[in-house]
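Okay, structure first, notes after.
Keep in mind that this is a model prediction, so the values were computed, not measured. Ligands are counted one by one from 1 in listed order, and the atoms in each one are counted from 1 as well.
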Amino acid sequence: MTENDGDAAPLAELMTATTELGAALRELIEVSVITTADAGEVAAAADLVRAATARIGDARRPVSQLPRLDDPSEGRRVFNPVTGIANPMAPPLVVRADGDGVVAEATLGLAYEGPPSFVHGGMSALFMDQMLGSAAGAAGLWGMTAHLELDYRGPLPLQTPLVLRARVESHEGRKAHISGTIALASAPEKILVEARGLFVMPRPEKQAAYFGAITDASGRHAPPRRPGDATALRPA
Ligand SMILES: CCCCCCCC(=O)SCCNC(=O)CCNC(=O)[C@H](O)C(C)(C)COP(=O)(O)OP(=O)(O)OC[C@H]1O[C@@H](n2cnc3c(N)ncnc32)[C@H](O)[C@@H]1OP(=O)(O)O
């Protein structure tokens with residue numbers, strides 16, 4: 001938890017409840033695209049979801065305020081859309097250090113579908129962007145994506161274990177060239193998606209313009225200031 005938390009117990013409780021909500025919503029998203037229930041059942045489910053939204057929707061943080069559950073100094077970003085355990089949009093990827101890079105496994109459901117039975121190409125780009133950022137963090141670097149390119153050599157099947165990898169190829173000054181791959185976990189040598197990216201640490205005046213107003217939940221200024229701030233990375 002953050003340094004100035006007097007009482008960790010309520011935050012631990014909030015973490016459990018928020019993680020539970022994220023998991024429940026993740027199941028709901030998948031079921032909402034795969035269900036064959038009839039119209040009446042689907043409409044009733046929509047009413048239930050709206051009631052749940054009304055229950056927690058009034059208490060909201062401003063966009064400039066980090067969530068109470070985040071601890072950027074430890075790299076904990078619970079609502080990251082790729083790695084955040086509490087974000088239902090995230091599979092979530094659990095990214096680990098591995099050799100000179102990072103690795104993660106994922107099995108994607110129908111909510112990620114592009115061509116029938118295969119993963120949407122934009123999702124692959126999203127996951128590669130995060131993996132490349134995580135590789136930067138693992139190498140002690142941080143930056144924002146300046147350039148990202150992908151080659152799609154084969155489609156990624158849904159409901160099939162995938163392995164995602166990334167590593168820093170070179171870095172100089174504020175720039176880092178980073179590469180990544182996605183393959184089937186059962187055939188890791190056959191690369192299906194290949195990514196190359198340039199991550200650039202913004203010049204100081206841009207950092208100030210982008211992140212100068214960001215605070216933590218207590219109102220303290222909390223701009224990104226180290227590799228872990230940008231990405232969530234678990235030790236191997
Ligand atoms: C807190 C961070 C969260 C991170 C989450 C995970 C990753 C993300 O999703 S980040 C979000 C998406 N990315 C963005 O929004 C970034 C938008 N772009 C920008 O703000 C700027 O272009 C930025 C910050 C990348 C670079 O700006 P600036 O700091 O002024 O860099 P600048 O001085 O122009 O360029 C530095 C070097 O990079 C090179 N460079 C910059 N952009 C590019 C590019 N697109 N292609 C090739 N080279 C580039 C420049 O040529 C220069 O090279 P050299 O030093 O050799 O001359």
Side-chain angles (χ1 to χ4, degrees), residues 2 22 61-98 101-104 106 112 119-151 164-182 193-234:
T2 52
R61 66 184 161 90
V63 68
S64 59
Q65 184 182 302
L66 297 175
R68 279 171 69 198
L69 293 172
D70 274 12
D71 187 347
S73 69
E74 287 183 9
R76 188 173 58 240
R77 304 294 312 274
V78 299
F79 299 113
N80 178 294
V82 181
T83 58
I85 193 160
N87 188 330
M89 281 164 52
L93 291 191
V94 178
V95 184
R96 309 184 309 278
D98 182 60
V102 292
V103 65
Y112 298 97
V119 176
H120 193 293
M123 290 296 168
S124 301
L126 172 67
F127 299 144
M128 283 286 91
D129 190 22
Q130 179 66 42
M131 290 297 291
L132 268 51
S134 294
L141 309 166
W142 85 270
M144 296 177 77
T145 320
H147 180 82
L148 181 66
E149 61 183 46
L150 284 90
D151 288 306
L164 302 90
R165 293 186 175 278
R167 62 192 288 270
V168 174
E169 299 292 343
S170 66
H171 65 95
E172 191 190 359
R174 293 186 287 121
K175 296 198 296 188
H177 291 273
I178 310 175
S179 66
T181 59
I182 310 179
V193 174
E194 221 177 284
R196 290 165 299 280
L198 171 67
F199 279 60
V200 177
M201 184 194 285
R203 61 181 73 205
E205 57 270 32
K206 283 194 179 166
Q207 288 188 38
Y210 295 167
F211 307 118
I214 302 293
T215 70
D216 65 16
S218 72
R220 269 190 323 184
H221 182 44
R225 61 192 181 284
R226 38 177 280 176
D229 294 6
T231 55
L233 178 75
R234 295 210 179 150

Please identify which atoms of ligand 1 are closer than 4.0 Å to at least one heavy atom of [X].
| X | answer |
| --- | --- |
| Asp129 | 8 (C), 9 (O) |
| Phe211 | 1 (C) |
| Tyr210 | 19 (C), 20 (O) |
| Arg203 | 28 (P), 29 (O), 30 (O), 32 (P), 33 (O), 34 (O) |
| Lys175 | 37 (C), 38 (O), 39 (C), 53 (O), 54 (P), 56 (O) |

Checklist entry - Do Arg196 side-chain atoms and His177 backbone N/O form a donor-acceptor pair below 3.5 Å? => result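 No, the answer is negative, given that no donor and acceptor are paired below the 3.5 Å cut-off.
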Checklist entry - Is there a donor-acceptor pair closer than 3.5 Å between any side-chain N or O of Asn87 and the backbone N or O of Gly22? => result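 Not at all, since once roles are kept as given, no pair shorter than 3.5 Å links the two residues.
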Checklist entry - Which bit of Arg174 is near ligand 1, meaning a heavy atom under 4.0 Å away: side chain, backbone, both or neither? => result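 Side chain only; the backbone of Arg174 stays clear of ligand 1.
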Item to check | Lys206 contact mode with ligand 1 (heavy-atom cut-off under 4.0 Å) | outcome: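 For Lys206, only side-chain atoms sit under 4.0 Å from ligand 1.
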Next on the checklist: With a sphere of 6.0 Å drawn around CD of Glu205, does it hold more than 12 non-hydrogen atoms of other residues, nucleotides or ligands?
Outcome noted: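 Yes, CD of Glu205 has more than 12 neighbouring heavy atoms, counting only those of other groups under 6.0 Å.
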Item to check | Heavy-atom side-chain contact between Gln130 and Leu164 under 4.5 Å | outcome: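 When only atoms from C-beta onward are counted, Leu164 and Gln130 do not touch, as no gap falls below 4.5 Å.
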Checklist entry - Can you check whether Phe199 has an N/O within less than 3.5 Å of an N/O in ligand 1? => result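 Looking only at distances, the answer is no, because the N/O contact criterion of under 3.5 Å is not met.
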Contact summary for [X] and [Y], nearest pair of heavy atoms:
| X | Y | result |
| --- | --- | --- |
| Phe211 | Met144 | CZ-SD, 4.0 Å |
| Phe79 | Ala86 | CE2-CB, 3.6 Å |
| Gly197 | Leu132 | N-CD2, 3.5 Å |

Checklist entry - Who gets closest to atom 26 (C) of ligand 1 by heavy atom: Val82, Asn80, Val200, Leu148? => result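 That would be Val200.
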Next on the checklist: Please determine whether any non-hydrogen atom of Pro202 lies less than 4.0 Å from an atom of ligand 1.
Outcome noted: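 Pro202 counts as a contact of ligand 1 under the 4.0 Å cut-off.
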